[in-house]
Amino acid sequence: MTPTEKNRKTPIWRNRKVVPVILQIIFLAIIGLLLWILIQNTMTGLRRIGMSFGFDFLNARAGFNINEAMIEYSTSDPYVRAIMVGIVSTLRVSFFGIILATIIGVLVGIAKMSDNWLLSKVASVYIDIFRNTPLLLQLFVLNFAVFLPLPRIQEALSIGPLYLSNRGAVIPWADLHEGSAIWALLLLVVIGASVLVYKWQMKREVEEGKNTHPFLSAFGAFILLCGAGYLVTGEGPLQLTIPAHTGAAVTGGLSLSTPFLSVLVALTIFTSTYIAEIVRGGVQAVPKGQVEATKALGFRSATAMRLVIFPQAIRIIIPQMTSQYLNLIKNSSLAMAVGYQEIVGVGNTVINQSGRTLEVIVIMIAVYLSFSLTTSLFMNIFNKKFQLVER
C-alpha cells in the first residue's frame, strides 16, 4: 500500500463505525417525526370538537361506587382516588395470580413427566383442556356456572374454616398487632438460621453420600425457632381470625368476592398450563448425561430433580416464564367482563362519566406498561443470578 493510499481518508458513507450511528439517528428522527404528527393531529381533532387534553378532571368528584376496594374509598372521592383503587385491584389479582400459577404450573409440569401413568395422564388432560380453551370462556364458566350457582349466604357451604356462597368465599385471615414489628425482625433471624441448617445438611449429604433430608431439617429448625419465639413473646406474629356463620352472614376472616375469585382462578389455571409446558421443556432440555450421572451416583428421582436437573433447567425456564407473567398481568383486563373493577373497569366508568377518553386510555397504558416493565426488571435480575459465568 502506497503512502498516498494510507493517507487517503475513508468516506463517511463507507465508515463501518459511523454508518450504523447515522442510520440509528435517522431512524429515531423518523419515529420522532411520526409521533409529532400523531400528537398534532390528535390535538387538532380535540380542538375541532371543543375539547382540550389535560388531567385536571382527575380532581372532580367521582360519584360512583366500587364494590371491592382494597383502599379506603367513597363516592365523594375524586377520580384520581377511584383510579388508584383500580390500580391496586389490578396489582392484587396479578400478584396472587402469578404466585399460584407458578406453583401449580411447576407441579403440573413435573407431574406430566412422572413415571406414574395415571399422574402423567391427569396432568396432560389438565394442560390440553385449559390451554386450548379461551380465557374469557373459562372466566364466564367459573363466574356464571361455578360460583354464582352456589347457595345463598344464609346456607353457605362450610369446608372446615372456609365458607362458600354465591357472594364468594370467606377464608381465615391474619391481622397485624402491636408485636408484629418485633416478630418481623425475629423471622429474619429464624429464616437465616434455617438457611444455614439447610446448607449444612446439604453439605453433609454431598460429602457423606446419604440422604440427610436438608429441607425437612431446615423446616424443623424453622418451626422450633418460631415456637421458641412464641414462648418468649407470648404471642404469634399475626392475629388469626376464623370465619363464623351467624345464620344471616359470615363474620370474621377475609371475604373474597365472586368476581375476584372468578378472575383469580381463571388466570391461575390458564397461565399455569403454559408454565407447565415451559417447565417440562426446560427439564427435558437438560443434557441426558446429567440425568444418567445422577442415576450412576445412586440418586433417587426426586433428589436428582431437586439437586441436579431442576437447578439447570431454571436457566432455560426463566425467560419464558417472564413472558407468561406479563401475559397474566395484561389478561387481568378481562376482569371487567364479570364485574371485577380493576383499572380497565374503573377507567371505563370514568370515561362514561367524564368523557375524557384519551386521558384515561393514556393512564391505562401507563399502568400496564409500569407493571410490565417492573416485572421484567425483577425477572431479568433473577435470571442474571442463575446464568452461567463464562471464564
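Atom set for the values below is all heavy atoms of this structure, side chains included, hydrogens, waters and symmetry mates excluded. In this text, all values refer to a predicted model and were calculated from it rather than measured experimentally.
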Is there a path from [X] to [Y] through hydrophobic residues (I, L, V, M, F, W, Y) whose side chains come within less than 4.5 Å of each other?
| X | Y | value |
| --- | --- | --- |
| Phe219 | Leu187 | yes |
| Val106 | Val122 | no |
| Leu261 | Leu162 | yes |
| Tyr126 | Ile129 | yes |
| Phe144 | Leu150 | yes |

Closer than 3.5 angstrom, by distance alone: can the side chain of [X] be matched with the main-chain N or O of [Y] as a donor-acceptor pair?
| X | Y | value |
| --- | --- | --- |
| Ser165 | Arg152 | no |
| Asp128 | Val125 | no |
| Glu342 | Gly345 | yes |
| His245 | Ser158 | no |
| Asn143 | Leu139 | no |
| Thr322 | Met379 | no |

What do you reckon, is [atom1] of [X] surrounded by more than 12 foreign heavy atoms closer than 6.0 Å?
| X | atom1 | value |
| --- | --- | --- |
| Asp115 | CG | no |
| Glu72 | CD | no |
| Asp56 | CG | no |
| Arg356 | CZ | yes |

Evaluate the side-chain proximity of [Y] to [X]: yes if any heavy-atom separation is below 4.5 Å, no if none is.
| X | Y | result |
| --- | --- | --- |
| Ser194 | Tyr198 | no |
| Asn67 | Gln341 | yes |
| Asn166 | Pro151 | no |
| Val146 | Val265 | no |
| Pro243 | Ile171 | no |

To the nearest 0.5 angstrom, please state how far the [atom1] atom of [X] sits from the [atom2] atom of [Y].
| X | Y | atom1 | atom2 | result |
| --- | --- | --- | --- | --- |
| Arg81 | Ser74 | CZ | OG | 9.0 Å |
| Ile275 | Leu107 | CD1 | CG | 11.0 Å |
| Ile153 | Leu164 | CD1 | CG | 9.5 Å |
| Ile318 | Asn380 | CD1 | CG | 10.0 Å |
| Asn348 | Thr357 | CG | OG1 | 9.5 Å |
| Ile26 | Ile31 | CD1 | CD1 | 13.0 Å |

Side-chain polar contacts of residues 82-102 - donor-acceptor pairs under 3.5 angstrom, sequence neighbours left out - could you list them?
{"residue": "Ser89", "atom": "OG", "partner": "Val85", "partner atom": "O", "Å": "3.0"}
{"residue": "Thr90", "atom": "OG1", "partner": "Gly86", "partner atom": "O", "Å": "3.0"}
{"residue": "Thr90", "atom": "OG1", "partner": "Ile343", "partner atom": "N", "Å": "3.0"}
{"residue": "Arg92", "atom": "NH1", "partner": "Glu68", "partner atom": "OE2", "Å": "2.9"}
{"residue": "Ser94", "atom": "OG", "partner": "Thr90", "partner atom": "O", "Å": "2.8"}
{"residue": "Thr102", "atom": "OG1", "partner": "Ile98", "partner atom": "O", "Å": "2.7"}
{"residue": "Thr102", "atom": "OG1", "partner": "Tyr325", "partner atom": "OH", "Å": "2.7"}

Discussion item. Thr271 and side chain to side chain contact (heavy atoms under 4.5 Å, CB included): which single residue from Met321, Gln324, Arg131 fits?
Written reply: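 With Thr271 as partner, Met321, Gln324, Arg131 yield a single side chain to side chain contact (heavy atoms under 4.5 Å, CB included), made by Gln324.
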
Fill in: Steps toward side-chain contact (heavy atoms from CB on, under 4.5 Å) verdict (Thr349, Val346)
CA-CA 5 Å; Thr349 304; Val346 172; 5.7 Å; no

Please identify each residue that fulfils salt bridge (Lys or Arg N to Asp or Glu O under 4.0 Å) with [X], with sequence neighbours left out.
| X | value |
| --- | --- |
| Arg61 | none |
| Arg48 | none |
| Arg280 | Glu277 |

Worksheet entry | Parallel, tilted or perpendicular: ring planes of Tyr79 versus Phe57, cut at 30 and 60 degrees |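 Ring orientation, 0 to 90° scale: tilted.
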
Discussion item. I'd like to know whether Leu326 forms a side-chain contact (heavy atoms from CB on, under 4.5 Å) with Tyr368, so could you lay out the CA-CA distance, the side-chain angles of the two residues, the decisive distance to 0.1 Å, and finally the verdict.
Written reply: CA-CA 9 Å; Leu326 299 181; Tyr368 282 110; over 6 Å; no

Minimum heavy-atom distance [X]-[Y], with the two atoms named:
| X | Y | answer |
| --- | --- | --- |
| Val279 | Gly105 | CG2-O, 4.4 Å |
| Gly347 | Val360 | O-CG1, 3.5 Å |
| Arg315 | Pro319 | O-CD, 3.7 Å |
| Pro259 | Gly339 | CB-C, 4.1 Å |
| Ile242 | Pro172 | CD1-CB, 4.0 Å |
| Phe270 | Tyr274 | O-CD1, 3.3 Å |

Using atom types as modelled, flag every donor-acceptor pair under 3.5 Å from a side chain in residues 330-337 to any protein atom, sequence neighbours excluded.
{"residue": "Asn331", "atom": "ND2", "partner": "Asn327", "partner atom": "O", "Å": "3.1"}
{"residue": "Ser332", "atom": "OG", "partner": "Ile329", "partner atom": "O", "Å": "2.5"}
{"residue": "Ser333", "atom": "OG", "partner": "Lys330", "partner atom": "O", "Å": "2.8"}

Worksheet item: For Phe371, what residues pass the ring pair (Phe, Tyr, Trp, His ring centres under 6.0 Å) criterion, not counting sequence neighbours?
Response: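 By the ring pair (Phe, Tyr, Trp, His ring centres under 6.0 Å) rule, Phe371 matches no residue at all.
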
Worksheet item: Hey, which of Lys203, Lys199, Arg204 is the one that makes side-chain hydrogen bond (donor to acceptor under 3.5 Å, both in side chains) with Gln201?
Response: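 With Gln201 as partner, side-chain hydrogen bond (donor to acceptor under 3.5 Å, both in side chains) holds for just one option, Arg204.
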
Discussion item. Please determine whether side-chain contact (heavy atoms from CB on, under 4.5 Å) holds for the pair Leu256 and Leu254, giving the CA-CA distance in whole Å, both sets of side-chain angles, and the decisive distance to 0.1 Å.
Written reply: CA-CA 7 Å; Leu256 304 175; Leu254 176 67; 4.0 Å; yes

Practice prompt. Take Leu142 and Phe147, measure what side-chain contact (heavy atoms from CB on, under 4.5 Å) needs, and give me the verdict at the end.
Written response: CA-CA 6 Å; Leu142 285 168; Phe147 292 115; 4.2 Å; yes

